[in-house]
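Numbering of ligands and ligand atoms starts at 1, following listing order.
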Amino acid sequence: MKTIVTGGAGFLGSHLCDLLLARDHEVICVDNLITGNERNISHIGSDRFKFIKHDISKPLYIKGKVDFIYHLASPASPIDYQEFPIQTLKVGALGTHNMLGLAKEKNARFFLASTSEIYGDPLVNPQPEEYWGNVNPIGPRGVYDEAKRFAEAITMAYNRYHRVDTRIIRIFNTYGPRMCPNDGRVVPNFIGQALRGEDITVYGDGSQTRSFCYVSDEVEGIYRLMMSDYTLPMNIGNPEEHTILEFAKIIVRITGTRSKIAFQNLPVDDPKQRRPDITKARNILGWEPKVSLEHGLKETIKYFKCMVE
Ligand code: NAD
Ligand code: UDP
């Protein structure tokens, strides 16, 4: 089974490469390293693994057959996509178009990594797949949200018009080892601050909520969805919802830090609540998260401790 993973040198993509190699796939990882790092794949010694440094917003030509394409390439943290707004729009639009074209040419199954951000600042909680969302197209997060919404639309168009076999996942906040320590996301920020004894920066009053899924659960959900025959978008995430202030206190407790909590301004358009409705994942894939927040955070803290040493 020859499988392409775009964004395979990123946080999630590198864990997906590990899982696919363990399940006997031949893996071609395609990444331009704009937010990823070769360090994330340097442990892989398999001769079934190949890395190609390439910007998939430009066409990609691969010789021979391809069976599966997992398309994960895109800046993913609010700091990253605001630093690279045009690249984010291009990879969501042109990159997705290129990878769908490759899937059509090779008769490969195509998988789009979409996001809970397509729900924007949701007015419905938890969010079921049927909810259309509440997105500000021209706000600072619009470059990411609208790129992913376009990516979903073109994926469904290739599915319906060209009969390409497609899957769409909506990933909710996922964390774990290999997250980039300075991408500004809440998990690396809080853990890094706690380990350095700095103030923990809670934005706003910390009453906004998020639901955190450990990476091994997320990649298992990704794989199961790809292997299913379900072609409409599916939420994969952990439905256990926490306020960000609660989350900061959990990090303080687990790390045993003396850091204090410091409140800072809430970023523009920061979603007030986010929690997946995973009824479909449970019923169709028999999937639900297994790793507790406590255990997942301990593993992640271990990784960040090694990084600072
Ligand atoms: P990441 O930044 O660690 O990984 C993204 C990878 O894509 C990086 O290695 C980057 O270099 C690569 N990339 C970006 N543009 C590219 C291009 N034009 N050509 C080739 N490679 C390119 O982020 P992540 O958290 O691993 O996210 C992976 C995917 O999952 C993204 O599509 C993201 O939108 C989606 N997602 C992640 C989360 C999460 O919580 N981690 C939540 C929702 C959706
Ligand atoms: N956040 C925070 N302090 C930080 C980083 C993030 O309070 O140092 C908040 C952020 O405002 C948001 C939540 O944590 O409400 C999750 O932010 P993240 O950037 O991880 O991802 P998002 O879910 O917003 O895409």
Is it the side chain (CB and beyond), the backbone, both or neither of [X] that lies under 4.0 Å from ligand 2, heavy atoms counted?
{"X": "D270", "value": "side chain"}
{"X": "Q264", "value": "neither"}
{"X": "R185", "value": "both"}
{"X": "N173", "value": "side chain"}
{"X": "T201", "value": "both"}

Margin query: Quick check against the 3.5 Å criterion: does T255 have a side-chain atom that pairs as donor or acceptor with the backbone of A194?
Written below: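 Judged by distance alone, no pair lies under 3.5 Å.
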Next item on the list: Collect the protein residues that have a non-hydrogen atom under 4.0 Å from ligand 1 and hand them over in chain and number order.
Entry: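 If the criterion is a heavy atom under 4.0 Å, then ligand 1 touches G7, A9, G10, F11, L12, D31, N32, L33, I34, T35, G36, H54, D55, I56, S57, L72, A73, S74, P75, A76, V91, A113, S114, T115, Y144, K148, I171, N173, T174, R185.
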Which of parallel (below 30°), tilted (30 to 60°) and perpendicular (above 60°) describes [X] and [Y]?
{"X": "F68", "Y": "Y70", "value": "tilted"}
{"X": "H71", "Y": "F110", "value": "tilted"}
{"X": "Y158", "Y": "H97", "value": "perpendicular"}

Check: Would one find an N or O of V186, backbone or side chain, under 3.5 Å from an N or O of ligand 2?
Finding: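 By distance alone, the answer is yes.
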Next item on the list: May I ask you to check whether R210 has an N/O atom sitting below 3.5 Å from an N/O atom of ligand 2?
Entry: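 Looking only at distances, the answer is yes, because the N/O contact criterion of under 3.5 Å is met.
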Report, in ascending order of atom number, the atoms of ligand 2 lying under 4.0 Å from any heavy atom of [X].
{"X": "N189", "value": "4 (C), 5 (C), 8 (O)"}
{"X": "V202", "value": "7 (O)"}
{"X": "Q208", "value": "9 (C), 11 (O), 15 (O)"}
{"X": "P78", "value": "19 (O), 25 (O)"}

Next item on the list: Count the heavy atoms of every other residue, nucleotide or ligand shown that sit under 6.0 Å from CG of N107, and state whether that count exceeds 12.
Entry: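 Counting other residues, nucleotides and ligands, CG of N107 stays at 12 neighbours or fewer.
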Notebook entry, point to check: Take atom CG in N283; do more than 12 heavy atoms of anything else shown fall under 6.0 Å from it?
Noted result: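 Result for CG/N283: enclosed.
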Item checked: Connected hydrophobic set around Y161, excluding itself, where side chains approach under 4.5 Å ->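 Besides Y161, the hydrophobic cluster comprises nothing; the residue is isolated.
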Next item on the list: Tell me which protein heavy atom sits closest to atom 13 (C) of ligand 2, plus the residue, atom name and distance to 0.1 Å.
Entry: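 For atom 13 (C) of ligand 2, the nearest protein heavy atom is I244 CD1, 3.6 Å.
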Notebook entry, point to check: Where is the nearest protein heavy atom to atom 22 (P) of ligand 2: which residue, which atom, and how far?
Noted result: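 For this ligand atom, the closest protein heavy atom is R141 NH2, 3.5 Å.
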Note to self: Whether the D121 and Q273 side chains hold a donor-acceptor pair (N or O, under 3.5 Å, no angle test) is what I'd like checked.
What the structure shows: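 No, because no side-chain N or O of D121 sits under 3.5 Å from a partner of the opposite role on Q273.
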Checklist line | Flag side-chain contact, heavy atom, 4.5 Å: L232 against I168 | finding: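 L232 does not reach I168 side chain to side chain.
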Next item on the list: Out of F190, F212, Y203, F247, indicate the one that has the non-hydrogen atom closest to atom 6 (C) of ligand 2.
Entry: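 Residue with the shortest heavy-atom distance to the ligand atom: Y203.
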